[in-house]
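Hydrogens, waters and symmetry mates play no part in the numbers below; they use all other heavy atoms, side chains included. What you see is a predicted model; the values in this text were computed from it and never measured.
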Amino acid sequence: MLFTSPASPCQQVCSQLFPGLDLWVKRDDMLHPQVSGNKFRKLKYPLLDLQGRRCHVVSMGGIWSNHIHALAHAAHALGLPATALIRGAEGMHSAMLDDVKALGMQVRFVNRDAYRQLRLEESAWRSHLDSPVADTLWLPEGGSAPLALRGAAELITELPFIPDYLVVACGTGATLAGLLAGLGGRSKVLGVAAISQGDYLRAEISRLLTQAGYPDHQNYELLTEFHHGGYGKAPPELQAFCQQFQQETEIALEPVYTGKMLFALRQLWHHGHLAQNASVIAIHTGGLQGARGFTQRSS
């Protein structure tokens, strides 16, 4: 069964990049070979909630979307038909799109304006299907539905201890919101926005917590200055950091999310933002297939 994987390990890390820091990495990249990381957790309850129905699942993302990639594998494993609304023009290509098509997912391209409407209007996705489907599940960008928070919250129950800080990369804010739900006011979460102009995520985090029935927890700090030029941008300094961390720890990183998160943590530690005796657990949110997209864009 797809969502019966054992808890992911929490690995203590010794690295010259973090001298003296009591640092652990929650290895959610090991939850599943394809449906890994926060995607596994965010998809778990929305898909289990279908209770065996042959429901058509529809979602949205870019041509290197970790969410779409994970959803295609999950839908295939569960025998669910699925459609992805992809930001781009007909004929665009990526290894990720090849993967999802091979798994039976339908791909429909939408332009930037239409994609923006998908974000703004709850039912805009319906106009992109050939015909109405009676039993359909719509999952917003990144799988960030309120029910997704329940899966992210479960991560807290798997931790060997509650640290002073949890650190996580942010794309839509749903994983951070789920961690807050699971912590119930304990500890402090540092969210590192992987996108530029990410201040709006604060409102998204509050909205998701409220819609999912949790208190609007505020024990977090959103860091918006570590995006390295924007989503998918990875200058040489960031790439070198990811390579050194992987060489020292044998933990693979991608520079789009987890690499930026750990780079930010290093800066915070070296600049005295954290107490000298602080304990930190960094969440590895998976998404390693996305590194293929960065390699292709950089070549």
Side-chain angles (χ1 to χ4, degrees), residues 28 37-50 57-62 65-68 70-71 84-85 87 110 112-128 136-156 165-227 230-231 257 260-261 283 285 287:
D28 268 12
N38 62 339
K39 307 310 176 189
F40 181 98
R41 296 190 184 275
K42 290 198 287 184
L43 288 172
K44 180 177 179 179
Y45 287 104
L47 295 184
L48 287 180
D49 193 53
L50 299 179
V57 184
V58 184
S59 194
M60 61 189 285
S65 168
N66 290 313
H67 162 64
I68 294 298
L71 177 61
L85 306 180
R87 182 180 63 249
V110 298
R112 289 183 179 274
D113 289 340
Y115 197 85
R116 191 176 300 113
Q117 289 303 113
L118 291 173
R119 286 172 170 166
L120 297 175
E121 296 182 16
E122 186 175 347
S123 61
W125 58 272
R126 296 182 183 277
S127 65
H128 296 281
T136 307
L137 171 67
W138 166 250
L139 292 175
E141 191 172 29
S144 298
L147 196 56
L149 273 62
R150 181 179 171 189
E154 285 184 341
L155 180 150
I156 303 303
Y165 296 95
L166 277 176
V167 190
V168 67
C170 295
T172 63
T175 300
L176 192 155
L179 295 176
L180 292 173
L183 286 166
R186 297 169 293 171
S187 186
K188 183 173 184 178
V189 182
L190 303 177
V192 179
I195 55 176
S196 60
Q197 300 178 327
D199 290 316
Y200 74 94
L201 290 173
R202 293 184 179 88
E204 284 296 295
I205 292 163
S206 292
R207 179 185 66 81
L208 285 164
L209 283 167
T210 300
Q211 288 188 355
Y214 296 105
D216 187 10
H217 296 293
Q218 295 296 312
N219 54 311
Y220 76 95
E221 183 176 354
L222 182 66
L223 305 169
T224 59
E225 66 271 31
F226 295 102
H227 54 76
Y231 180 74
Y257 289 102
K260 288 180 179 179
M261 177 266 292
I283 311 301
T285 49

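- Of the options Thr224, Leu222, Val167, Val168, a side-chain contact (heavy atoms from CB on, under 4.5 Å) to Val192 is made by Val167 and by none of the others.
- In this structure, Lys42 contributes its side chain and Ser144 its backbone to no donor-acceptor pair below 3.5 Å.
- Between Thr175 and Ile283, the closest side-chain pair of non-hydrogen atoms is not below 4.5 Å.
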Next item on the list: Please report the C-alpha distance between Leu147 and Asp49 in whole Å, then the side-chain angles of each, then the deciding distance to 0.1 Å, and finally whether the side-chain contact (heavy atoms from CB on, under 4.5 Å) criterion is met.
Entry: CA-CA 9 Å; Leu147 196 56; Asp49 193 53; 3.9 Å; yes
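- For the pair Met60 and His67, the tightest heavy-atom approach, listed with the atom from each and the gap, is O-CD2, 3.7 Å.
- Here the shortest heavy-atom pairing between Gly178 and Ala152 reads CA-CB, 3.8 Å.
- Inter-residue side-chain proximity for Glu204 and Thr172 is flagged as unmet; no heavy-atom pair is nearer than 4.5 Å.
- To the nearest 0.5 Å, the span separating CG on Leu48 from CZ on Arg150 amounts to 8.5 Å.
- Considering OG of Ser127 and CD of Glu121, their distance stands at 8.5 Å, rounded to 0.5 Å.
- In summary, the aromatic rings of Tyr231 and Tyr257 are positioned with their centroids under 6.0 Å apart.
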Next item on the list: Starting from the C-alpha separation in whole Å, work towards a yes-or-no answer on salt bridge (Lys or Arg N to Asp or Glu O under 4.0 Å) for Lys188 and Glu221.
Entry: CA-CA 8 Å; Lys188 183 173 184 178; Glu221 183 176 354; 3.4 Å; yes
Notebook entry, point to check: Which is it for Arg41 and Leu155 under the side-chain contact (heavy atoms from CB on, under 4.5 Å) test, yes or no, and what are the steps along the way?
Noted result: CA-CA 8 Å; Arg41 296 190 184 275; Leu155 180 150; 3.6 Å; yes
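- When atom types are taken as modelled, the side chain of Thr210 and the backbone of Ser206 share a donor-acceptor pair closer than 3.5 angstrom.
- In terms of heavy atoms, Leu176 sits closest to Cys170 at CD1-SG, 3.5 Å.
- Residue Ala174 comes nearest to Leu208 through the heavy atom pair CA-CD1, 3.7 Å, listed as atom of the first residue, atom of the second, then distance.
- A side-chain contact (heavy atoms from CB on, under 4.5 Å) with Leu166 is found for one member of Leu180, Ile156, Asn219 and no other, namely Ile156.
- Distance check, rounded to the nearest 0.5 Å: CG of Leu118 to OG of Ser59 gives 9.5 Å.
- The side-chain heavy atoms of His227 and Ile195, taken from C-beta on, include no pair separated by under 4.5 Å.
- Atom CG of Leu71 sits about 6.5 Å away from atom CG of Leu47, to the nearest 0.5 Å.
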Next item on the list: Start with the C-alpha distance between Asp216 and Gln218, add both sets of side-chain angles, then the distance that settles side-chain hydrogen bond (donor to acceptor under 3.5 Å, both in side chains), and finish with yes or no.
Entry: CA-CA 6 Å; Asp216 187 10; Gln218 295 296 312; 3.1 Å; yes
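- At a threshold of 4.5 Å between non-hydrogen side-chain atoms, the residues Gln117 and Trp125 do not count as touching.
- Counting all heavy atoms, side chain and backbone alike, Leu201 lies closest to Gly171 at CD2-O, 3.7 Å.
- Judged by distance alone, with hydrogens and angles left aside, the side-chain atoms of Arg186 form a donor-acceptor pair with the main-chain N or O of Gly182 at under 3.5 Å.
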Check: Does the pair Lys44 and Glu154 meet the rule for a side-chain contact (heavy atoms from CB on, under 4.5 Å), with working shown?
Finding: CA-CA 11 Å; Lys44 180 177 179 179; Glu154 285 184 341; 3.0 Å; yes
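- For the residue pair Thr285/Asn38, the side-chain donor-acceptor check at 3.5 Å is not satisfied.
- Under the 4.5 Å side-chain criterion, counting only non-hydrogen atoms from C-beta, Val189 is not in contact with Tyr165.
- Summarising the geometry of Lys39 relative to Ala70, their closest heavy-atom pair is CB-CB, 3.6 Å, with the distance given to 0.1 Å.
- Within the 4.5 Å cutoff, the side chain of Phe40 has no heavy atoms near those of the Asp28 side chain.
- The residues Glu141 and Arg119 are annotated as salt-bridged, a charged nitrogen and a carboxylate oxygen being separated by less than 4.0 angstrom.
- In this structure, the separation between CD1 on Ile205 and OH on Tyr200 is 10.0 Å, given to the nearest 0.5 Å.
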Check: What's the verdict on side-chain contact (heavy atoms from CB on, under 4.5 Å) for Trp138 and Leu85, showing C-alpha distance, side-chain angles and the deciding distance?
Finding: CA-CA 11 Å; Trp138 166 250; Leu85 306 180; 4.2 Å; yes
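- Judged by distance alone, the side chain of Tyr115 and the main-chain N or O of Gly61 form a donor-acceptor pair under 3.5 Å.
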